[in-house]
Amino acid sequence: MLSEKERMIPEKESMVPEKDSLRWQKVYEPAPEAFKRAMERALREREEPTMKRFSLRTAAIAVAVLIALTGVALAVTGQNGVLKFLFPDREPATELPVQTALPQAGGDALETITVKVRDAVSDGQTLHIAVEVAAKNPRDAVLYDLDAEYVYPMSGQEARKPSIPVTEEGMGFCMPFVSKAKEAERILIIGTPMALLGGVDLVKGTNWYYESPGVLVVDYVIDLRPGAYEGWDNPPPYPLPSPLAVTLTPSVWLQKQNDINCYDIEQAKVALAVDWAAQEPMELSEYVATNLPVEGEGYRLDAARFVSTPLGLYATLTFSDTDPNAGWESESPLQQSFWYEVLGADGQPLPALHGGYTKFEDPERMGTIQRIEALYPARALGETVTIRPFAWERGKFPDIQLTLKKQ
């Protein structure tokens with residue numbers, strides 16, 4: 001079971017309009033979500049190898065047929081799909097080509113939910129795919145597993161109905177339809193989804209929101225940048241192909257009565273093709289910090305790079321320990337869930353979109369040099385930008401103002 005520390009802390013109400021009922025994953029979650037996805041993938045590979053091979057092959061054939069028969073539509077859409085994730089606090093500054101009517105097969109095989117791809121968009125750095133998961137029974141509610149409590153009961157616990165988190169300040173994991181969901185006949189836990197290419201999960205992170213108690217929309221974030229999957233046991237090819245034929249696998253956790261294992265898992269499989277290179281390349285601007293290194297309390301910021309596109313602001317910062325004896329289980333900030341915020345012009349942290357991760361750059365002393373990549377809503381950069389490092393066990397460190405040079 002995830003601890004409160006591992007769960008997401010929500011954005012302040014002033015940062016996201018209440019009417020949008022958005023739920024954003026903050027920077028605190030990359031490691032726990034990645035861990036969960038890896039565990040789920042390992043269990044599936046152990047328990048269902050034959051079924052998995054057959055399913056993926058069938059999905060690949062379905063996608064091949066779809067690509068041959070269906071064109072990819074490009075449209076300028078409203079914020080009812082993927083753009084709602086990328087622009088949580090404002091409208092896009094320019095019209096953006098969003099792919100709709102994407103070739104897809106499957107999604108209606110389960111008795112509990114339907115899965116439908118709404119749209120997708122890419123800036124050449126990342127690919128975002130908006131996926132709708134809807135309960136078939138209008139008396140059921142859906143709940144994303146990262147919003148649920150008691151989804152992973154400890155061994156020996158009595159089976160119980162998944163609880164809808166409360167709304168009191170400090171809990172922060174509630175969906176916007178708590179009262180209606182509590183009246184639901186069943187609560188369907190939607191497992192953290194994957195996008196499989198040849199058995200490799202490409203999802204770097206997810207964002208999500210609820211349109212109603214029975215409709216969840218999830219943003220799959222796939223990284224297209226060089227080295228994005230470097231160091232993986234079975235890395236995908238680079239560059240990723242276009243059209244990109246993947247199998248989306250959201251799962252439904254159904255509680256079993258009188259069973260301490262608590263859940264049966266049903267997995268949907270949706271074959272999808274996204275021609276992410278079909279559109280004209282988006283303009284991007286690259287900046288590097290010139291006033292480095294900067295030393296903090298037990299750490300040093302060695303490098304900082306920012307890439308700005310019409311879809312997002314990508315930040316890549318490299319930190320290292322200043323303690324020569326630092327390592328696992330030390331008091332070093334980098335060993336205490338280290339991350340950073342990027343501040344806007346008003347001095348407030350930008351709302352973080354998921355898709356960020358930490359890469360250890362020091363195989364001999366793991367964790368003492370960390371390259372941390374994060375994604376934020378699109379912002380223009382000037383001559384300076386301010387970042388705020390923090391660690392869970394230590395809190396926030398003094399702000400660092402970086403002087404930027406456009407490349």
Side-chain angles (χ1 to χ4, degrees), residues 8-12 14-16 24-31 86 88-90 125-126 204-205 207 221 223 225 284-309 311-323 326 332-362 367-407:
M8 196 272 288
I9 294 179
E11 298 294 340
K12 296 180 179 178
S14 60
M15 299 176 69
V16 180
W24 298 104
Q25 285 177 280
K26 282 280 290 181
V27 294
Y28 309 119
E29 200 179 309
L86 295 167
D89 54 354
R90 60 189 176 89
Q125 304 293 300
T126 54
K204 279 294 185 70
N207 307 290
V221 184
D223 206 323
R225 292 171 289 179
L284 62 83
S285 300
E286 182 178 349
Y287 302 82
V288 296
T290 59
N291 60 326
L292 297 178
V294 173
E295 194 159 318
E297 302 172 17
Y299 68 91
R300 183 176 61 245
L301 174 58
D302 296 310
R305 175 177 175 266
F306 299 87
V307 174
S308 176
T309 80
L311 289 188
L313 175 63
Y314 300 84
T316 303
L317 276 61
T318 302
F319 297 87
S320 59
D321 273 311
T322 55
D323 180 359
S332 163
L334 268 65
Q335 306 303 322
Q336 301 178 16
S337 303
F338 194 78
W339 203 263
Y340 59 85
E341 297 170 329
V342 175
L343 306 187
D346 59 358
Q348 296 300 311
L350 298 180
L353 305 180
H354 207 99
Y357 67 99
T358 295
K359 184 179 187 325
F360 297 141
E361 301 280 37
D362 48 346
T368 57
I369 303 175
Q370 298 182 13
R371 188 182 79 213
I372 305 176
E373 300 194 357
L375 171 61
Y376 301 91
R379 289 291 190 281
L381 291 178
E383 296 181 351
T384 63
V385 68
T386 301
I387 64 124
R388 180 175 294 160
F390 64 88
W392 269 112
E393 287 80 2
R394 297 276 295 276
K396 296 181 178 180
F397 295 96
D399 296 352
I400 300 175
Q401 186 177 77
L402 301 175
T403 302
L404 300 180
K405 179 181 180 181
K406 191 173 182 178
Q407 297 296 93

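Keep in mind it's a predicted model, so treat the numbers as computed, not measured.
Residues L402 and L292 form a side-chain contact, since some pair of their non-hydrogen atoms from C-beta on lies under 4.5 Å apart. Using a 4.5 Å cut-off on side-chain heavy atoms (C-beta onward), T126 and Y314 make contact. Using a 4.5 Å heavy-atom threshold, the side chains of K405 and Y287 count as separate. Two residues are said to be in side-chain contact when any heavy atoms from C-beta on lie closer than 4.5 Å; T368 and Q335 meet this criterion. Contact check for E297 versus P333: no side-chain heavy atoms found under the 4.5 Å cut-off. When side chains are defined from C-beta on, V221 does not count as touching L353, because their heavy atoms never get closer than 4.5 Å.
Judged by distance alone, the side chains of R305 and T316 never bring a donor and an acceptor atom under 3.5 Å apart.
Residue F306 holds its CZ atom at 13.5 Å from OG of S285, rounded to the nearest 0.5 Å. With rounding to the nearest 0.5 angstrom, the OG1 atom of T290 is 7.5 Å from the CG atom of L404. How far CG of D323 is from CG of L334: 11.0 Å, rounded to the nearest 0.5 Å. Note that CZ of R388 and CD of Q348 are 7.5 Å apart. Values are rounded to the nearest 0.5 Å. Summarising the geometry, atom CD1 belonging to I372 is positioned 9.0 Å from atom CD1 belonging to I387; distances are rounded to the nearest 0.5 Å. Between atom CZ of residue R300 and atom CD1 of residue I369 there is a gap of 8.0 Å, rounded to the nearest 0.5 Å.
In this structure, Y376 and P351 approach most closely via the heavy-atom pair CD2-O, 4.0 Å. The two residues A374 and W339 have their closest heavy-atom pair at CB-CZ2, 4.2 Å. The minimum heavy-atom distance linking L375 with G312 is given by the pair CD1-CA, 4.2 Å. For the pair I400 and P389, the tightest heavy-atom approach, listed with the atom from each and the gap, is CD1-CG, 4.1 Å. Residue T322 comes nearest to G298 through the heavy atom pair OG1-C, 3.2 Å, listed as atom of the first residue, atom of the second, then distance. Of all heavy-atom pairs spanning F319 and D302, the tightest one is C-OD2, 4.1 Å.
Between F338 and F397, the ring planes are tilted. Angles from 30° to 60° get that label.
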Evaluation steps, salt bridge (Lys or Arg N to Asp or Glu O under 4.0 Å), between K204 and E373:
CA-CA 11 Å; K204 279 294 185 70; E373 300 194 357; 6.0 Å; no
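Within 6.0 Å of CD on E383 lie no more than 12 heavy atoms contributed by other residues, nucleotides or ligands.
One N or O on the side chain of S308 and one on the backbone of R379 form a donor-acceptor pair closer than 3.5 Å.
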